[in-house]
Participant: 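Before I ask anything, here is the structure I am working with.
Each chain gets a letter, A, B and so on, in the order the sequences are listed, and its residues count up from 1. What's counted below: heavy atoms across the whole structure, side chains too, no hydrogens, waters or symmetry copies.
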Amino acid sequence: MLVALSWSSLFEPGFFSSEPVRVALVVGALAAVVSGIVGVFTVIRGQSFAGHALSDIGTAGGSAAVLVGASTLSGFVAFNVVAAGVMELIGIRKPRGRDLATGIVLGASLGLAALFLYEDTISSSTTGATVNVLFGSIFTLPPGITIPMVVLGIASVALIAVLYRPLLLSSVSYELAAARRVPVRLVGGGYLLALALAVSMSAITIGAILSTALLVGPAAIALRLATRTGVAIAVAATVGVLACWVGTLIAYDSTVWAGGNGWPVSFCIVAVIFVVYFASGVVSRLRTDRRRATTSDRGGVVQPFEVA
Amino acid sequence: MFASFMINAWEAATIVAIVAGVVGFFTVLRGAAFAAHSLPNGAFAGAAGAFLIGANTIVGLGVFSLAGAGMIAGLGRRARSDVATALTIVLMLALGDLFLSRTSEYAPEIFSLLFGEVLGVSASKLAPTAVIAAVCILAVSVLYRPLMLSSVAPDVAEARGINTKVMDLAFLVVLALVTTMAVPVVGSLLIFSLLIGPPAAARSFTDRPPVAIGLSVLFALVTVWIAIAVSYESNLPIGFFVGATSAFAYIVGRAWTSRQQAHGR
């Protein structure tokens with residue numbers, strides 16, 4: 001009785017029978033898994049800016065595609081792949097210089113986006129594409145997006161799988177990888193391509209906010225909890241999927257307590273990620289303290305991902 | 001182009017360019033491009049929130065960009081700075097989304113906060129812009145030496161008793177002020193381009209910081225002046241011309257550097 005009562009108050013009626021919710025749960029989970037896998041490397045390599053920038057850069061491609069009558073998705077992907085290539089070409093290895101290269105590409109793309117959007121509004125009066133990408137909602141998917149989304153996701157993960165060992169080595173220690181004759185620039189370029197595909201896929205379906213949130217948040221949480229990369233990837237994907245589902249549930253339920261005008265899904269999912277992020281900080285701190293107490297000779301935790 | 005209604009635009013853009021040239025030099029030096037993108041972009045949430053409770057837009061922008069600066073610095077103590085910045089911009093944007101969902105009237109103004117409305121700057125916006133700009137320049141000149149040292153050689157700075165964490169926060173606060181000043185007049189996309197392109201180009205031409213700052217201000221001024229003039233003549237959005245000119249300046253700077261290096265060998 002008690003269980004039934006709490007169950008029905010937890011899931012507002014219609015949650016599981018609603019078609020948009022079902023789609024949101026599946027699409028969100030897909031995006032979260034791909035973002036989690038790619039995101040672990042994004043965080044290890046310190047390329048969160050590139051990950052976020054690509055979600056904005058794609059907007060320029062999307063609005064250009066509208067202008068020439070191509071599909072938003074193709075423009076989005078094409079721009080991101082080119083942008084990833086340019087970032088790699090500018091190719092400055094130090095994180096500071098790399099962020100600058102990202103910034104230059106982002107600035108130029110945003111300028112183009114301003115131009116294309118302006119032309120779009122003149123020719124067809126739709127700013128829909130950008131606003132959708134900026135604040136895209138998981139509940140309103142563009143039609144026919146599912147198959148390209150799955151294809152992009154698989155391509156991105158496959159690329160990471162192929163590059164896995166050299167990518168990991170060159171991410172943790174560039175010098176060591178270079179010394180072992182890993183083609184570090186090729187691997188870095190391949191990784192940026194995987195990132196571009198993953199971000200295109202997630203930004204166009206769930207919006208730029210959630211794209212970055214799911215790329216960086218779960219991966220950062222996972223790397224606080226796990227030391228082995230394989231485990232971190234699994235944790236990141238799981239945390240991402242759960243955050244998506246719990247956030248979607250909260251957003252759905254909120255329509256009841258907020259009087260019909262529910263909270264946006266993006267806000268709810270980001271809030272869940274933040275709660276878990278802070279909780280993971282507490283857990284890792286407690287663990288550090290305990291390890292210090294038990295193994296006094298080690299002098300603190302080993303932090304394999306702290307690469308200067 | 002110099003009609004009376006355009007005077008405000010010229011003045012506002014000139015003020016913004018001077019500040020962006022100075023602060024942008026340190027942004028590039030510190031590799032703080034992500035923060036320079038995140039604070040202006042995320043601060044729109046403050047504007048949306050201010051609209052919701054009927055407060056002044058500038059106050060909302062100021063509160064949110066300062067809170068964002070504090071959050072980047074705070075999270076940055078226990079995480080890498082790019083992760084801290086990503087989490088901050090995501091939270092700010094999500095809050096903005098939440099605020100927007102509480103009202104149905106705000107949407108058109110977002111476009112102007114993103115892409116700017118420099119051609120429609122009112123005289124009443126000019127005064128706060130000028131005041132905050134003066135504060136930014138003053139702050140940078142007071143902090144000049146420790147800021148420079150902690151940007152170029154953090155270890156040496158620490159050894160000389162400069163708290164680099166405090167300098168991180170101080171710089172982010174200046175960036176937050178620039179945001180508050182610039183977003184209402186030129187928009188978040190434009191201020192970001194100005195903070196990155198001209199200073200990055202300037203650094204290619206000289207190694208001496210004062211000269212680089214001067215060049216950076218000059219490039220920023222030329223960029224916005226060209227952008228306003230061409231935008232006025234062609235009726236195309238000003239953001240495009242600022243983005244294009246900034247990227248062009250950077251490419252020229254890079255070409256110059258590699259030519260110098262080739263000559264050096």
Side-chain angles (χ1 to χ4, degrees), chain A residues 43 46-49 51-53 56 90 94-119 127 130-131 134-135 207-210 212-213 215-217 219-220 224 261-264 266-271 273-274 277 281 285 305-306, chain B residues 27-34 36-38 41 75 78-87 89-91 93-102 107 110-111 114-116 187-190 192-197 200 235-248 250-251 254:
Chain A
V43 173
Q47 288 192 307
S48 308
F49 187 26
H52 170 75
D56 279 352
I90 298 181
K94 279 187 295 183
R96 274 186 185 185
R98 212 171 44 192
D99 273 7
L100 183 62
T102 308
I104 299 281
V105 175
L106 176 60
S109 306
L110 291 176
L112 286 176
L115 178 68
F116 295 146
L117 279 174
Y118 176 79
E119 298 286 345
T127 50
T130 7
V131 177
L134 278 178
F135 304 102
I209 304 175
L210 283 183
T212 307
L215 186 73
V216 179
R224 280 179 152 185
N261 184 4
W263 294 355
S266 62
F267 173 75
C268 295
I269 295 178
V270 167
I273 290 177
F274 259 83
Y277 181 75
R285 221 169 306 173
F305 301 123
E306 286 300 315
Chain B
T27 309
V28 170
L29 197 62
R30 302 175 72 84
F34 196 8
H37 167 74
S38 299
N41 222 17
L75 288 177
R78 291 192 52 85
R80 287 248 286 262
S81 77
D82 69 309
V83 170
T85 313
L87 291 172
I89 186 179
V90 159
L91 184 65
L93 289 174
L95 279 174
D97 201 3
L98 177 68
F99 294 153
L100 285 182
S101 75
R102 301 296 96 189
I110 295 206
F111 201 76
L114 283 177
F115 294 100
S188 58
L189 306 184
L190 220 151
F192 169 66
S193 296
L194 281 180
L195 280 170
I196 303 296
N235 261 328
L236 293 174
I238 187 169
F240 167 65
F241 296 109
V242 169
T245 318
S246 293
F248 180 72
Y250 175 76
I251 293 168
R254 288 273 299 202

Participant: Is there side-chain contact between D56(A) and N41(B), with at least one heavy-atom pair below 4.5 Å?
Facilitator: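 Yes - at least one pair of side-chain heavy atoms lies under 4.5 Å apart.
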Participant: Please step through side-chain contact (heavy atoms from CB on, under 4.5 Å) for the pair V216(A) and V90(B), ending with a clear verdict.
Facilitator: CA-CA 10 Å; V216(A) 179; V90(B) 159; over 6 Å; no
Participant: State, to 0.1 Å, how close T212(A) and A86(B) come at their nearest heavy-atom pair, and which atoms those are.
Facilitator: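 The pair with the smallest heavy-atom distance is CG2-CB, 4.3 Å.
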Participant: At what distance, to the nearest 0.5 angstrom, does NE2 of H37(B) lie from NE2 of H52(A)?
Facilitator: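 H37(B) NE2 to H52(A) NE2: 3.0 Å, rounded to 0.5 Å.
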Participant: Count the heavy-atom pairs under 4.5 Å between each of L236(B), L95(B), T245(B), L87(B) and chain A, then report the option with the highest count.
Facilitator: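 Counting heavy-atom pairs under 4.5 Å, the top option is L87(B).
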Participant: Walk me through whether F34(B) and T102(A) qualify under side-chain contact (heavy atoms from CB on, under 4.5 Å).
Facilitator: CA-CA 9 Å; F34(B) 196 8; T102(A) 308; over 6 Å; no
Participant: Which value, rounded to the nearest 0.5 Å, describes the distance between Y277(A) atom OH and L91(B) atom CG?
Facilitator: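 These two atoms lie 12.5 Å from each other.
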Participant: To the nearest 0.5 Å, what is the distance between OG (S246(B)) and CG (L110(A))?
Facilitator: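 One gets 11.0 Å once the value is rounded to the nearest 0.5 Å.
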Participant: Which heavy atom of S101(B) sits nearest to which heavy atom of G262(A), and what is that distance?
Facilitator: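 S101(B) and G262(A) have their closest heavy atoms at OG-O, 4.2 Å.
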Participant: Any chance you could lay out the side-chain contact (heavy atoms from CB on, under 4.5 Å) test for Q47(A) and D82(B), step after step, and finish with the verdict?
Facilitator: CA-CA 7 Å; Q47(A) 288 192 307; D82(B) 69 309; 5.7 Å; no
Participant: Any donor and acceptor pair, going by atom type alone, linking the side chain of D97(B) with main-chain N or O of F267(A) inside 3.5 Å?
Facilitator: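 Absent.
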Participant: When you compare the side chain of R80(B) with that of V43(A), does any pair of heavy atoms fall below 4.5 Å?
Facilitator: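 When only atoms from C-beta onward are counted, R80(B) and V43(A) do not touch, as no gap falls below 4.5 Å.
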Participant: In terms of heavy-atom pairs under 4.5 Å, which option from V105(A), L112(A), L106(A) contacts chain B the most?
Facilitator: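 Among V105(A), L112(A), L106(A), the one with the most close pairs to chain B is L106(A).
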Participant: Taking side chain as everything from C-beta outward and backbone as N, CA, C, O, which of these in V270(A) sits under 4.5 Å from a heavy atom of chain B? Side chain, backbone, both or neither.
Facilitator: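 Looking at V270(A), just its side chain touches chain B.
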Participant: Could you tell me which portion of V83(B) (side chain, backbone, both or neither) has an atom closer than 4.5 angstrom to a non-hydrogen atom of chain A?
Facilitator: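 Its backbone and side chain both get close to chain A.
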Participant: Could you check which of A213(A), S109(A), A108(A) has the highest count of heavy-atom pairs closer than 4.5 Å to chain B?
Facilitator: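 Most heavy-atom pairs under 4.5 Å with chain B: A213(A).
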Participant: Does the side chain of F241(B) reach to within under 4.5 Å of the side chain of L115(A), using non-hydrogen atoms?
Facilitator: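 Not in contact.
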Participant: Could you label the plane-to-plane angle of the F192(B) and F49(A) rings as parallel, tilted or perpendicular, counting under 30° as parallel and over 60° as perpendicular?
Facilitator: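 Taking F49(A) first and then F192(B), their aromatic rings stand perpendicular (interplane angle over 60°).
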Participant: Rounded at 0.5 Å granularity, tell me how far CG in L98(B) sits from OG in S266(A).
Facilitator: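 It comes to 8.5 Å.
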